[in-house]
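Just so it is clear, the model here is predicted, and its values are computed rather than measured. The chains referred to below are lettered A, B, ... by the order of the sequence lines, with proteins before strands, and numbering in each begins at 1.
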Amino acid sequence: MTLNAENHFLSQLKALASDIISEADLERYLQVSQKRKKPLRVKFGIDPTFTDVHVGHCVPIRVLRLFQEAGHLPVLILGDATARLGDPTGRNDQRPALSAEEVEHNATSYFTQIGKVLDLSEGACEIHRNSEWFSGMDFFEVLRLLSESTVARLLERDDFQKRMEKKLPVHLHEMAYPLMQGWDSVQVRADVELGGNDQLFNLHMGRQLQERHGQQPQVCLTTPLLLGTDGRKMSKTYANHIPLTASAKDVFGKVMSLEDDAMESWFRLATSVSSEEVRALLEGHPREAKGRLAQEVCAWVHDEPSAQAAADNFVQQFREKQLPTDIATFTLEAKDWPLPTLLKELGLCASTSEARRMIEGGGVRVSQNVCTDVRFLLTLEIGKEVVLVQAGKRKFAYVQGT
RNA sequence: GGGGAGAUACCGAAGUGGUCAAACGGGACGGAUUGUAAAUCCGUUGGCUCAGCCUUCAGAGGUUCAAAUCCUCUUCUCCCCA
């Protein structure tokens with residue numbers, strides 16, 4: 001890498017980072033790596049506790065890709081050992097411990113999703129499960145690991161402190177969590193570890209453990225958390241996340257529902273649009289700016305053509321109030337259907353009660369006409385034309401009798 | 001081991017015998033409006049064969065005409081003392 005390219009790489013990293021511990025180390029490691037023609041080992045860990053990887057997780061993954069493109073080696077840690085403990089992070093409900101099968105299932109789904117953003121092929125990256133080293137540990141080895149830190153040190157963790165203040169439970173095994181994560185770093189001899197900025201404490205632990213075990217301490221690089229559709233941090237528990245599995249249309253729509261104020265950080269963290277261009281966009285019409293943002297994110301999660309299609313579709317459906325082009329057709333028994341039952345049957349509403357409320361609120365249309373009669377009967381006959389049923393602005397279905 | 005406090009709907013949080021399917025806030029959904037599934041305003045927010053009925057306030061019993069509310073036991077959490 002030339003000096004210029006290296007500077008460019010560094011500034012790209014810095015643009016995405018919220019903390020780099022420490023920049024000096026990072027620069028030094030990069031130089032050494034180049035001199036010895038030895039790629040840096042860049043660690044990123046995820047626990048397969050649920051199936052959806054969302055756009056928020058992807059900020060560190062984007063950084064990881066930057067490293068990969070610069071010739072370094074991503075080292076992915078799948079926290080299958082940690083996941084099976086059932087870590088009740090930050091909440092007082094006990095997440096049920098996952099079975100080996102569930103972990104396996106989630107892991108597969110994770111890699112398919114991450115594969116969209118990162119090159120996971122042989123040689124391009126390294127993948128480990130932390131059960132590789134944790135499942136063989138006996139109790140005394142566990143104790144030895146626990147002895148590597150102190151209660152006071154662990155209690156410094158922001159998340160623990162907040163929960164203590166709020167008088168929420170902090171379980172003992174959670175205290176072991178940072179140590180386990182740190183131990184991963186020792187095992188894979190990480191040069192750099194990435195994570196969201198809520199991970200800083202855990203990343204520090206890796207540094208500490210590595211030094212205690214005679215390794216050079218990893219650089220900790222954290223990224224800001226992407227905000228969800230409601231302005232809080234993106235998290236599945238807030239249901240404000242954009243899953244990577246969401247359809248192009250959905251990704252587009254969800255980005256469009258971000259608050260205007262969130263656009264700047266989204267552009268920076270989730271797209272590669274240059275800062276000059278972002279500035280220009282933000283000075284222009286917010287709708288256009290957000291449309292561009294949505295298209296960028298969409299193209300990144302899916303691809304260019306589907307992003308374009310989603311954009312066109314959005315304009316047609318919401319600005320020009322046209323019908324979407326991909327309305328599914330359902331075939332139901334030919335008879336008189338009470339409207340609420342029909343809406344539930346078509347999956348447009350979760351329950352007949354919800355359907356009733358929506359009907360009363362004027363959110364339901366049959367053949368383009370608003371229907372506020374809860375007792376409306378829709379007659380389906382064999383061979384008759386399909387009927388368009390709409391619930392809210394986003395849910396449509398065609399029905400016909402059989 | 002001793003003492004005290006607590007567990008409420010998606011989340012947070014009121015409610016301490018009937019007027020409670022349960023205030024309020026957030027989220028979500030719907031409507032109006034628009035610049036977009038932004039913002040703002042209004043409405044809805046357990047289920048059903050829906051003017052009625054059924055199941056909910058950690059779990060199991062009990063008292064009562066009537067319990068989220070009172071009693072007993074169980075489970076879990078927090079705080080103080082040891």
**Student:** So, is A:Arg287 near the phosphate of B:U36, with a side-chain N or O under 4.0 Å from OP1 or OP2?
**Tutor:**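 Checking A:Arg287 against B:U36: at least one side-chain N or O falls below 4.0 Å of OP1 or OP2.
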
**Student:** Between A:Ser353 and B:G46, is there a side-chain N or O to OP1/OP2 distance below 4.0 Å?
**Tutor:**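 Checking B:G46 against A:Ser353, no side-chain N or O comes under 4.0 Å of OP1 or OP2.
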
**Student:** Select one nucleotide: of B:G27, B:A37, B:A38, the one nearest the side-chain heavy atoms of A:Asp260.
**Tutor:**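 Closest nucleotide to the A:Asp260 side chain: B:A38.
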
**Student:** Please state the P separation for the pair B:A60 and B:U8 - nearest whole angstrom.
**Tutor:**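 Those two atoms are separated by 16 Å.
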
**Student:** Is A:Arg319 close enough to B:U36 that one of its side-chain N or O atoms is under 4.0 Å from OP1 or OP2 there?
**Tutor:**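 Yes, such a contact exists.
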
**Student:** Pairing check on B:C65: which nucleotide meets the Watson-Crick or G-U wobble criteria with it, both distances under 3.5 Å?
**Tutor:**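 Pairing partner, where one exists within any strand: B:G18.
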
**Student:** Whether A:Ser257 contacts B:A38 is assessed here as follows: a side-chain N or O lying under 4.0 Å from the phosphate OP1 or OP2. Is that the case?
**Tutor:**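 It does not, given that no N or O in the side chain of A:Ser257 lies less than 4.0 Å from OP1 or OP2 of B:A38.
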
**Student:** In whole angstrom, give me the gap between the P atoms of B:G6 and B:U72.
**Tutor:**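 Rounded to whole Å, the distance is 15 Å.
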
**Student:** Does any nucleotide pair with B:G1 by Watson-Crick or G-U wobble geometry, both distances under 3.5 Å, and what is it?
**Tutor:**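 In the structure as shown, B:G1 has B:C81 as its Watson-Crick or wobble partner.
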
**Student:** Please work out if A:Phe252 contacts a base, only the sugar-phosphate, or nothing of the nucleic acid, heavy-atom cut-off 4.0 Å.
**Tutor:**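 Here A:Phe252 touches no strand at all.
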
**Student:** Rounding to an integer number of Å, can you tell me how far A:Glu288 CD sits from B:A38 P?
**Tutor:**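 Distance check: A:Glu288 CD to B:A38 P gives 16 Å.
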
**Student:** OP1 or OP2 of B:A37 less than 4.0 angstrom from a side-chain nitrogen or oxygen of A:Lys290, does that happen here?
**Tutor:**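 So the side-chain polar atoms of A:Lys290 never come under 4.0 Å of the phosphate oxygens OP1 or OP2 of B:A37.
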
**Student:** Is the shortest side-chain N/O distance from A:Thr352 to OP1 or OP2 of B:U49 below 4.0 Å?
**Tutor:**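 So the side chain of A:Thr352 is within the cut-off, an N or O lying under 4.0 Å from OP1 or OP2 of B:U49.
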
**Student:** Can you tell me how far C1' in B:G52 sits from the matching atom in B:G4, rounded to whole Å?
**Tutor:**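 My reading of the C1' atoms in B:G52 and B:G4 gives 47 Å.
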
**Student:** Could you go through the salt bridge (Lys or Arg N to Asp or Glu O under 4.0 Å) check for A:Asp25 and A:Arg28 one step at a time?
**Tutor:** CA-CA 5 Å; A:Asp25 281 353; A:Arg28 207 175 70 239; 3.1 Å; yes

**Student:** What's the closest nucleotide to the A:Met256 side chain, out of B:U36, B:C48, B:U33?
**Tutor:**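 Nearest nucleotide to the side chain: B:U36.
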
**Student:** Ion pair present between A:Arg356 and A:Glu360, side-chain N to carboxylate O less than 4.0 angstrom?
**Tutor:**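 A:Glu360 and A:Arg356: not salt-bridged.
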
**Student:** Pick the C1' atom in B:G25 and in B:C76, then give their distance to the nearest Å.
**Tutor:**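 The answer is 27 Å between these two C1' atoms.
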
**Student:** Determine which nucleotide pairs with B:C48, using a 3.5 Å limit on both distances of a Watson-Crick or G-U wobble pair.
**Tutor:**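 Checking every strand shown, B:C48 finds its partner in B:G52, with both distances under 3.5 Å.
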
**Student:** Calculate the interatomic distance between A:Leu227 atom CG and B:G26 atom P; express it in whole Å.
**Tutor:**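 Nearest whole value for this atom pair: 18 Å.
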
**Student:** Near A:Lys38 NZ, under 6.0 Å, is it more than 12 heavy atoms from other residues, nucleotides or ligands?
**Tutor:**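 At most 12 heavy atoms, drawn from other residues, nucleotides or ligands, come within 6.0 Å of this atom.
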
**Student:** Does B:A7 have a Watson-Crick or wobble mate here (both distances under 3.5 Å), and if so which one?
**Tutor:**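 Its partner is B:U75.
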
**Student:** Check the distance between B:G47's P and A:Arg356's CZ and give it to me in whole angstrom.
**Tutor:**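 After rounding, the gap between these two atoms is 11 Å.
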
**Student:** Give one of base, sugar-phosphate or nothing for A:Val370, where a contact means two heavy atoms less than 4.0 Å apart.
**Tutor:**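 Counting heavy atoms under 4.0 Å across all strands, no contact is made by A:Val370.
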
**Student:** Sort out the partner of B:A23 for me: Watson-Crick or G-U wobble, both distances under 3.5 Å, none otherwise.
**Tutor:**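 Check on B:A23: unpaired, no WC or wobble geometry under 3.5 Å.
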
**Student:** So A:Gly253, base contact, sugar-phosphate only, or nothing? Heavy-atom distance under 4.0 Å.
**Tutor:**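 It contacts base atoms.
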
**Student:** Send over the distance from A:Arg232 CZ to B:A28 P, rounded to a whole Å.
**Tutor:**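 Answer to the nearest Å: 8 Å.
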
**Student:** Take atom CD of A:Glu360 and atom C1' of B:G31, then tell me their distance rounded to the nearest Å.
**Tutor:**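 Roughly 13 Å, once rounded to whole Å.
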
**Student:** Between A:Ile61 and A:Leu194, does the side chain to side chain contact (heavy atoms under 4.5 Å, CB included) criterion hold? Intermediate values first, please.
**Tutor:** CA-CA 8 Å; A:Ile61 297 178; A:Leu194 309 177; over 6 Å; no

**Student:** When you compare B:G2 with B:C11, how far apart are their C1' atoms, in angstrom units rounded to a whole number?
**Tutor:**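 Rounded to whole Å, the distance is 36 Å.
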
**Student:** Could you measure between the two C1' atoms, the one in B:A22 and the one in B:G17, and give it in whole Å?
**Tutor:**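 To the nearest whole Å, 15 Å.
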
**Student:** What's the verdict on side-chain hydrogen bond (donor to acceptor under 3.5 Å, both in side chains) for A:Ser109 and A:Gln113, showing C-alpha distance, side-chain angles and the deciding distance?
**Tutor:** CA-CA 6 Å; A:Ser109 134; A:Gln113 293 172 64; 2.8 Å; yes

**Student:** Using only side-chain N and O atoms of A:Arg357, determine if any of them is under 4.0 Å from OP1 or OP2 of B:G47.
**Tutor:**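 A:Arg357 to B:G47 OP1/OP2: side-chain N or O found under 4.0 Å.
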
**Student:** Quick check on RNA chain B: between A:Gly392 and A:Lys249, whose nearest nucleotide comes earlier from the 5' end?
**Tutor:**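 Per heavy-atom nearest nucleotide, the more 5' residue is A:Gly392.
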
**Student:** Distance check needed: B:G52 P versus A:Arg375 CZ, whole Å only.
**Tutor:**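 To the nearest whole Å, that distance equals 12 Å.
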
**Student:** Name the residue closer to the 5' end of RNA chain B, choosing between A:Gln390 and A:His285 according to the nucleotide with the nearest heavy atom.
**Tutor:**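 Its nucleotide being nearer the 5' end, the pick is A:Gln390.
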
**Student:** Please confirm whether the backbone N or O of A:Ile46 pairs with a side-chain atom of A:His57, one donor and one acceptor, at under 3.5 Å?
**Tutor:**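 Between the backbone of A:Ile46 and the side chain of A:His57 there is no qualifying donor-acceptor contact (under 3.5 Å).
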
**Student:** Under 3.5 Å, is there any donor-acceptor pair linking the side chain of A:Asn240 to the base of B:G27?
**Tutor:**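 Answer no: no donor N or O sits under 3.5 Å from an acceptor.
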
**Student:** Provide, to the nearest angstrom, the distance between the CD atom belonging to A:Glu259 and the C1' atom belonging to B:U40.
**Tutor:**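 Result: 13 Å.
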
**Student:** If only atom types and distance count, is the side chain of A:Gln218 paired as donor or acceptor with the main-chain N or O of A:Leu203 below 3.5 Å?
**Tutor:**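 Looks like yes, one N/O pair under 3.5 Å.
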
**Student:** Just the rounded figure in Å: distance from P of B:C29 to NZ of A:Lys395.
**Tutor:**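 Atom NZ in A:Lys395 sits about 8 Å away from atom P in B:C29.
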
**Student:** Quick one: look up who B:C29 pairs with, Watson-Crick or G-U, both distances under 3.5 Å, and put none if it's unpaired.
**Tutor:**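 Across any shown strand, B:C29 pairs with B:G43.
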
**Student:** If you compare every side-chain N and O of A:Arg394 against the phosphate oxygens of B:C29 (OP1, OP2), does one of them come in below 4.0 Å?
**Tutor:**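 Checking B:C29 against A:Arg394, a side-chain N or O does come within under 4.0 Å of OP1 or OP2.
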
**Student:** Taking the P atom in each of B:U19 and B:C53, what is the distance between them to the nearest angstrom?
**Tutor:**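 Nearest-Å result for B:U19 against B:C53 at atom P: 14 Å.
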
**Student:** Which nucleotide, if any, forms a Watson-Crick or G-U wobble pair with B:G35, using both distances under 3.5 Å?
**Tutor:**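 By the stated definition (distances under 3.5 Å), nothing pairs with B:G35.
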
**Student:** Which value, in whole Å, describes the distance between the P atoms of nucleotides B:A37 and B:A32?
**Tutor:**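 Roughly 11 Å separates the two P atoms.
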
**Student:** Side chain of A:Gln215, backbone of A:Val186: donor and acceptor closer than 3.5 Å?
**Tutor:**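 Yes: the side chain of A:Gln215 pairs with the backbone of A:Val186.
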
